[in-house]
Amino acid sequence: MKYISTRGDQSPKHFCDILLEGLAPDGGLYLPESYLQVSDATLTAWRKVYHDQGYAALAFEILSLYIDDIPAADLRALCAKTYTAEVFGTGEIVPLRHVEDGLWLEALSNGPTLAFKDMAMQLLGNLFEYELARRGESLNILGATSGDTGSAAEYAMRGKKGVRVFMTSPHGRMSPFQQAQMFSLMDDNIFNIAIEGVFDDCQDIVKAVSNDLAFKRQYKIGTVNSINWARLLAQVVYYFAGYIQATESNDQKVSFTVPSGNFGNVCAGHVARMMGLPIAQLVVATNENDVLDEFFRTGVYRVRGSADTHETSSPSMDISKASNFERFVFDLLGRDAARTADLFGPQLTSAGRFDLGADSLFAEAAASYGFISGKSTHADRLATIKDVFQRHGMVIDTHTADGVKVAREHLQPGLPMVVLETALPIKFAETIQEALGQLPERPARFNGIEDLPKRVVVMPADAGQVKAFITAKCA
Ligand SMILES: *Cc1c(COP(=O)(O)O)cnc(C)c1O
């Protein structure tokens, strides 16, 4: 299986070549040359694999279709080591919970940091360690986080040989729980850097350091951002696992609603659907930052400025542009790389928007690719959290609430709707308190986490100081 860039670079790459890379050299995103088709017989066989051998075995079946440069026995062992009941809280890994008529929640948030990003990041940690050892190399991951991504990366990479993590975050701006999760890690290879500034300052520092090519090469600076194909691929697995749990036969279809920000999660659903998984609809749920909802309603993709990017109570969906969206547009345009390069290069750079509304291809976004969308606001989140609690006794987090709100607008009789639960409510306790007048339940392993000793350095928003810090720690 070879990988190509959405902007046309065709130089043949295999999975492990792109595993440790970010963007393709031409600025595009990597995608497999083709999506492997899953026949009815294979899907039936995978049902049995999931029921008899579990999630890790299913993950191996799917991953092995796209990874031909890791021996099968090694890949199987990496999956088995990643998807365990110890790490993900249950043997089913992603159990389905019934909410109400036609509506289910797929639990993706029982990993170490209580958000769905663990599903992919835990695998990435093991893949990185494996591949770096094989090459005799090391990697310094530099990232910026406002919460979920950074902690998922740190919990995935902690204690891994050949990897260090330098994670910047805006000083004092994460929730006490999120700060405690990250800063209480005492592993020698994890470094927390609190920047005196906002999240954009952190991102600017990461960009500045990465643009210093000599420094980047000398210190082997890498990233683990959401455009990494390995993360997307890992996420494809839980669409299959969700489908298998929601159905008894392959004749049945299922729809998924996905709380979305950077379009990484739902893009994995798109890949699963392209492989032939019987998904009826992929419902994109956004919060007030409705870049994606606007596109699926009108065909206009309009990147927001920072003044136009709202701070909301589902903060992990507060995005100004959807960094994985280019992958879907590439497919929508019939894999026309020249056109994709023009839209995401010159057009977005000069106009900050493009418009496919008049293009006949845009109509296919819904008809052929199953995409529809909806939007949810703070008031919707509060109302949905309250309603789901009062009627079903379940407490859901704010992002999942955005999903449930939008999913309910798209229910169809006889068609199961699975909402992806992307975080546990304890991570966003303040809003739960606001909705329910009480705090959410806290998993026992997090009791007293805020009182643990913290390891973090505070720094001004200055890329030079961050570089000096990295240099000192790599000496
Ligand atoms: C990252 C995140 C999202 C958004 O996922 P994307 O892949 O960026 O669309 C939604 N909910 C939670 C809790 C997250 O951490």
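It should be emphasised that the depicted structure is a prediction, and the values quoted were computed from it without experimental measurement. Every number for a ligand or one of its atoms is a count from 1 in the order of the listing.
- Residue Ala115 places no N or O, backbone or side chain, under 3.5 Å from any N or O of ligand 1.
- Glu154 has no carboxylate O lying under 4.0 Å from a charged side-chain N of Arg455, or vice versa, which leaves the two without a salt bridge.
- The nearest protein atom to atom 9 (O) of ligand 1, hydrogens excluded, is given as Gly261 N, 2.8 Å; this is a heavy-atom distance.
- When only non-hydrogen protein atoms are considered, atom 8 (O) of ligand 1 lies nearest to Asn262 N, 2.7 Å.
- With hydrogens left out, the protein atom closest to atom 7 (O) of ligand 1 is Asn265 N, 2.9 Å, a heavy atom.
- For Pro259, the heavy-atom gap to ligand 1 drops under 4.0 angstrom.
- Of all the listed residues (His399, Lys117, Lys427, Met317), Lys117 holds the heavy atom that lies closest to atom 14 (C) of ligand 1.
- Taking the ring centroids of Tyr66 and Tyr3, they lie at or beyond the 6.0 Å cut-off.
- Within the 6.0 Å centre-distance limit, the rings of Tyr55 and Tyr83 are counted as a close aromatic pair.
- Other residues, nucleotides and ligands place more than 12 heavy atoms under 6.0 Å from the CG atom of Asn447.
- Atoms of ligand 1 lying under 4.0 Å from at least one heavy atom of Phe263, given by number and element, are 6 (P), 8 (O), 9 (O).
- Phe263 pairs with exactly one of Phe371, Phe295, Tyr301 by the ring-ring contact (aromatic ring centres under 6.0 Å, His included) rule, that one being Phe371.
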(message) With salt bridge (charged side-chain N to carboxylate O under 4.0 Å, His left out) as the criterion, how do Asp331 and Arg273 come out once you've worked through the C-alpha distance, each side chain's angles and the decisive distance to 0.1 Å?
(response) CA-CA 12 Å; Asp331 284 341; Arg273 196 174 182 280; over 6 Å; no
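- Counting non-hydrogen atoms of neighbouring residues, nucleotides and ligands closer than 6.0 angstrom, the NZ atom of Lys454 exceeds 12 such neighbours.
- Using a 4.0 Å cut-off to heavy atoms of Ala423, the atoms of ligand 1 that qualify are 13 (C).
- Close approach of ligand 1 to Gly264 is summarised as follows: ligand atoms under 4.0 Å from at least one heavy atom of the residue are 6 (P), 7 (O), 9 (O).
- With hydrogens left out, the protein atom closest to atom 11 (N) of ligand 1 is Thr422 OG1, 2.9 Å, a heavy atom.
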